[in-house]
A.B. asks: 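The structure's right below; bear with me while I get my questions together.
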Amino acid sequence: IATKHAETTLKYHIRPDNSTYHLIVYDPVTGKRKVGLTHQGYDHGSTWSRGQAWAIYGFATVYKYTKDPKFLDAAKRLAEYFMSRVENGVVYWDFDAPRPCVWDTSAATIACSGMLLLCQLQGNLEYLPQVTLLMKTCIDGALTNEDGVTILDHATVNNYEHANQRIADHGLVYADYYFLEVGNRLIDLGLAPRMYHGNENHQLLDHLDAVVPCKLKCVKAHQSNILSYSR
């Protein structure tokens with residue numbers, strides 16, 4: 001069932017230029033695609049950056065379990081498109097939204113984790129420069145202060161103009177979760193020694209090692225408050 005779902009998504013969600021629709025409406029009788037829409041992006045024809053990131057991560061994961069090369073090919077094409085729309089290391093909430101506009105650090109960290117998964121599956125470091133660029137931008141431009149309850153700021157839940165509630169430019173659990181997962185993947189790829197020895201191009205783990213412990217204390221404190229309120 002999961003593989004069939006992935007095949008259907010592969011067929012209908014990806015545009016000819018390798019951008020993606022957020023949502024597809026299917027005919028309930030024939031199962032054919034009726035229309036592509038968005039509920040979190042800029043408009044129905046735009047590319048919501050977190051949706052594109054989910055697609056990279058998702059198809060890489062499907063390839064991990066199926067070993068079907070069409071899913072690997074899809075993930076790589078989606079990653080190439082994603083990086084072609086990054087501007088000076090910044091991932092905006094929608095690649096087609098008028099500038100200036102808000103970032104989405106969750107899209108950046110999800111995409112980074114997906115690209116590192118591709119590196120793990122292929123046994124190479126093809127996407128390390130791209131990951132380094134995006135993560136450095138997140139670290140340099142989106143870390144919250146010591147009193148923050150999240151690690152990263154500048155994430156966007158939903159900035160669609162017709163949304164019931166527009167929530168943008170704030171902390172988001174997706175951004176933090178995949179930020180930490182990126183660190184774990186870098187360790188799994190055996191990159192920690194090189195980064196800890198001052199390689200100027202690959203110092204992500206130096207940053208992560210300095211940032212994460214103090215941020216986790218803030219997050220844990222916030223979680224304790226939530227638990228105390230719920231009792």
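Please read all numbers here as calculations on a predicted model, not as lab measurements.
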A.B. asks: What orientation do Tyr160 and His39 show, parallel under 30°, tilted 30 to 60°, or perpendicular over 60°?
C.D. replies: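 Tyr160 vs His39 ring planes: perpendicular.
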
A.B. asks: Does the side-chain contact (heavy atoms from CB on, under 4.5 Å) test come out yes or no for Leu125 and Leu191, once each step is laid out?
C.D. replies: CA-CA 10 Å; Leu125 299 178; Leu191 296 172; 3.9 Å; yes

A.B. asks: Quick check: does any side chain N or O of Asn158 sit under 3.5 Å from a backbone N or O of Ile167, one acting as donor and the other as acceptor?
C.D. replies: no

A.B. asks: Kindly compute the distance separating OG (Ser49) from CG (Asp96), expressed to the nearest 0.5 Å.
C.D. replies: 10.0 Å

A.B. asks: Parallel, tilted or perpendicular, judged at 30° and 60°: which one describes the rings of Tyr174 and Trp54?
C.D. replies: perpendicular

A.B. asks: Please say whether more than 12 non-hydrogen atoms of neighbouring residues, nucleotides or ligands are located less than 6.0 Å from OH in Tyr65.
C.D. replies: no

A.B. asks: For the pair Asp104 and Arg50, find out whether any cationic side-chain nitrogen is under 4.0 Å from an anionic carboxylate oxygen.
C.D. replies: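 Judged by the 4.0 Å cut-off on N to carboxylate O distance, Asp104 and Arg50 do form a salt bridge.
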
A.B. asks: Does Leu10 share a hydrophobic cluster with Leu117, counting links as ILVMFWY side-chain heavy atoms below 4.5 Å and allowing steps through other members?
C.D. replies: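 Cluster IDs for Leu10 and Leu117 match.
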
A.B. asks: Measure the CG-CG distance between Leu189 and Asn184 for me, rounded to the nearest 0.5 Å.
C.D. replies: 11.0 Å

A.B. asks: More than 12 heavy atoms of other residues, nucleotides or ligands under 6.0 Å from CG of Asn164: is that the case?
C.D. replies: no

A.B. asks: Taking the side chain as everything from C-beta on, heavy atoms only, tell me whether Met115 gets closer than 4.5 Å to Tyr57.
C.D. replies: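 A side-chain contact under 4.5 Å is absent here.
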
A.B. asks: Does a side chain donor of either Gln120 or Lys64 reach within less than 3.5 Å of an acceptor in the other side chain?
C.D. replies: no

A.B. asks: Once side chain to side chain donor-acceptor pair (under 3.5 Å) is applied, do any residues pair with Gln130, and if so which ones, sequence neighbours excluded?
C.D. replies: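 Checked Gln130 against side chain to side chain donor-acceptor pair (under 3.5 Å); zero matches.
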
A.B. asks: For the hydrophobic clusters of this structure (ILVMFWY residues joined by side-chain heavy atoms under 4.5 Å, transitively), does one cluster hold both Tyr178 and Leu116?
C.D. replies: no

A.B. asks: Indicate the atoms forming the closest heavy-atom contact of Ser46 with Gly41, along with that distance.
C.D. replies: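 The answer is OG-C, 4.4 Å.
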
A.B. asks: Under the salt bridge (charged side-chain N to carboxylate O under 4.0 Å, His left out) test, which residues partner Asp68, sequence neighbours left out?
C.D. replies: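 In terms of salt bridge (charged side-chain N to carboxylate O under 4.0 Å, His left out), with neighbours along the sequence ignored, Asp68 is linked to Lys70.
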
A.B. asks: Answer yes or no: is there a donor N or O on one side and an acceptor on the other, between the side chain of Thr156 and the main chain of Ala168, under 3.5 Å?
C.D. replies: no

A.B. asks: Once salt bridge (charged side-chain N to carboxylate O under 4.0 Å, His left out) is applied, do any residues pair with Arg77, and if so which ones, sequence neighbours excluded?
C.D. replies: Asp73

A.B. asks: Begin with the C-alpha distance, continue with both residues' side-chain angles, and end with the deciding distance and a verdict on side-chain contact (heavy atoms from CB on, under 4.5 Å) for Lys76 and Gln122.
C.D. replies: CA-CA 11 Å; Lys76 291 171 68 68; Gln122 296 180 109; 3.2 Å; yes

A.B. asks: For Arg15, does its backbone N or O pair with a side-chain atom of Ser19 as donor and acceptor, under 3.5 Å?
C.D. replies: no

A.B. asks: Measure across Ala6 and Phe71 and return the closest heavy-atom pair with its distance rounded to 0.1 Å.
C.D. replies: CB-CE2, 3.8 Å

A.B. asks: Do Leu72 and Leu121 share a hydrophobic cluster, counting only Ile, Leu, Val, Met, Phe, Trp and Tyr and linking them when any side-chain heavy atoms are less than 4.5 Å apart?
C.D. replies: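 The answer is yes; both residues are in one hydrophobic cluster.
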
A.B. asks: Where do Ala60 and Gly114 come nearest, in terms of heavy atoms and distance?
C.D. replies: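 Nearest pair, atom of Ala60 first, then Gly114: CB-O, 4.2 Å.
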
A.B. asks: Is the number of heavy atoms from other residues, nucleotides or ligands under 6.0 Å of Lys67 NZ greater than 12?
C.D. replies: yes

A.B. asks: Using a strict threshold of under 4.0 Å (side-chain N to carboxylate O), is an ion pair present between Arg185 and Glu181?
C.D. replies: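 Judged by the 4.0 Å cut-off on N to carboxylate O distance, Glu181 and Arg185 do form a salt bridge.
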
A.B. asks: Other hydrophobic cluster members with Val90, side-chain heavy atoms of Ile/Leu/Val/Met/Phe/Trp/Tyr under 4.5 Å, chained?
C.D. replies: Tyr92, Trp103

A.B. asks: Got a second to check how far Asp188's CG is from Cys119's SG, nearest 0.5 Å?
C.D. replies: 12.5 Å

A.B. asks: Indicate if Trp48 and Tyr21 have the same hydrophobic cluster label, given that clusters are the connected sets of ILVMFWY residues with side-chain heavy-atom separations under 4.5 angstrom.
C.D. replies: no

A.B. asks: Might you work through the side-chain contact (heavy atoms from CB on, under 4.5 Å) test for His170 and Val157, ending with a clear yes or no?
C.D. replies: CA-CA 9 Å; His170 66 106; Val157 173; 3.3 Å; yes

A.B. asks: Would you check if the side chain of Asp176 reaches a backbone N or O of Thr150 as a donor-acceptor pair within less than 3.5 Å?
C.D. replies: no

A.B. asks: With distance as the sole criterion, is a donor-acceptor pair present between the side chains of Thr20 and Gln52 under 3.5 Å?
C.D. replies: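 There is such a pair between these side chains.
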
A.B. asks: Does the Ser113 side chain pair with the main chain of Ile110, one donor and one acceptor, at a distance under 3.5 Å?
C.D. replies: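 Pair absent, no side-chain N/O of Ser113 close to backbone of Ile110.
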
A.B. asks: Please name all residues satisfying side chain to side chain donor-acceptor pair (under 3.5 Å) with Asn159, sequence neighbours left out, ordered by chain then number.
C.D. replies: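 For Asn159 the side chain to side chain donor-acceptor pair (under 3.5 Å) partners, ignoring immediate neighbours, are Arg166.
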
A.B. asks: Find the distance between OH (Tyr127) and CD1 (Ile56) and round it off to the nearest 0.5 Å.
C.D. replies: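 Tyr127 atom OH to Ile56 atom CD1 measures 8.5 Å (nearest 0.5 Å).
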
A.B. asks: Answer with yes or no whether the side chains of Asp153 and Thr144 bring together a donor and an acceptor at under 3.5 Å.
C.D. replies: no

A.B. asks: Are Met135 and Tyr177 connected in a single hydrophobic cluster, I mean Ile/Leu/Val/Met/Phe/Trp/Tyr linked by side-chain heavy atoms less than 4.5 Å apart?
C.D. replies: no

A.B. asks: When you look at Leu23 and Thr38, which way does the side-chain contact (heavy atoms from CB on, under 4.5 Å) test go after all the steps?
C.D. replies: CA-CA 6 Å; Leu23 301 171; Thr38 192; over 6 Å; no

A.B. asks: Just so I know, are the side chains of Leu172 and Leu152 near enough to count as touching, which here means a heavy-atom distance under 4.5 Å?
C.D. replies: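 The answer is no; the side chains never approach within 4.5 Å.
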
A.B. asks: Nearest 0.5 angstrom please: Thr132 OG1 to Lys136 NZ, how far?
C.D. replies: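 Separation between the atoms: 10.5 Å.
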
A.B. asks: If the condition is side chain to side chain contact (heavy atoms under 4.5 Å, CB included), which residues does Val86 pass it with, not counting sequence neighbours?
C.D. replies: Phe82, Met83, Val91, Leu134

A.B. asks: Does the distance from a Lys or Arg side-chain N to an Asp or Glu carboxylate O, for Arg33 and Asp27, drop under 4.0 Å?
C.D. replies: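 Looking at Arg33 and Asp27, the cut-off is not met.
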
A.B. asks: Which heavy atom of Ala175 sits nearest to which heavy atom of Thr105, and what is that distance?
C.D. replies: CB-OG1, 3.7 Å

A.B. asks: Do you know which two heavy atoms are closest between Ala75 and Leu118, and how far apart they sit?
C.D. replies: CB-CD2, 3.8 Å

A.B. asks: Once rounded to the nearest 0.5 Å, what's the spacing between atom OH of Tyr81 and atom CG of Asn18?
C.D. replies: 9.0 Å

A.B. asks: If you look at every heavy atom in Val131 and Cys112, which pair is closest and at what distance?
C.D. replies: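 Smallest interatomic distance, heavy atoms only, reads CG2-O, 3.7 Å.
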
A.B. asks: With no hydrogens and no angle check, is any side-chain donor or acceptor of His154 less than 3.5 Å from a backbone partner on Asp169?
C.D. replies: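 Checked: no pair found.
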
A.B. asks: Please find out if less than 6.0 Å separates the ring center of Tyr26 from that of Tyr12.
C.D. replies: yes

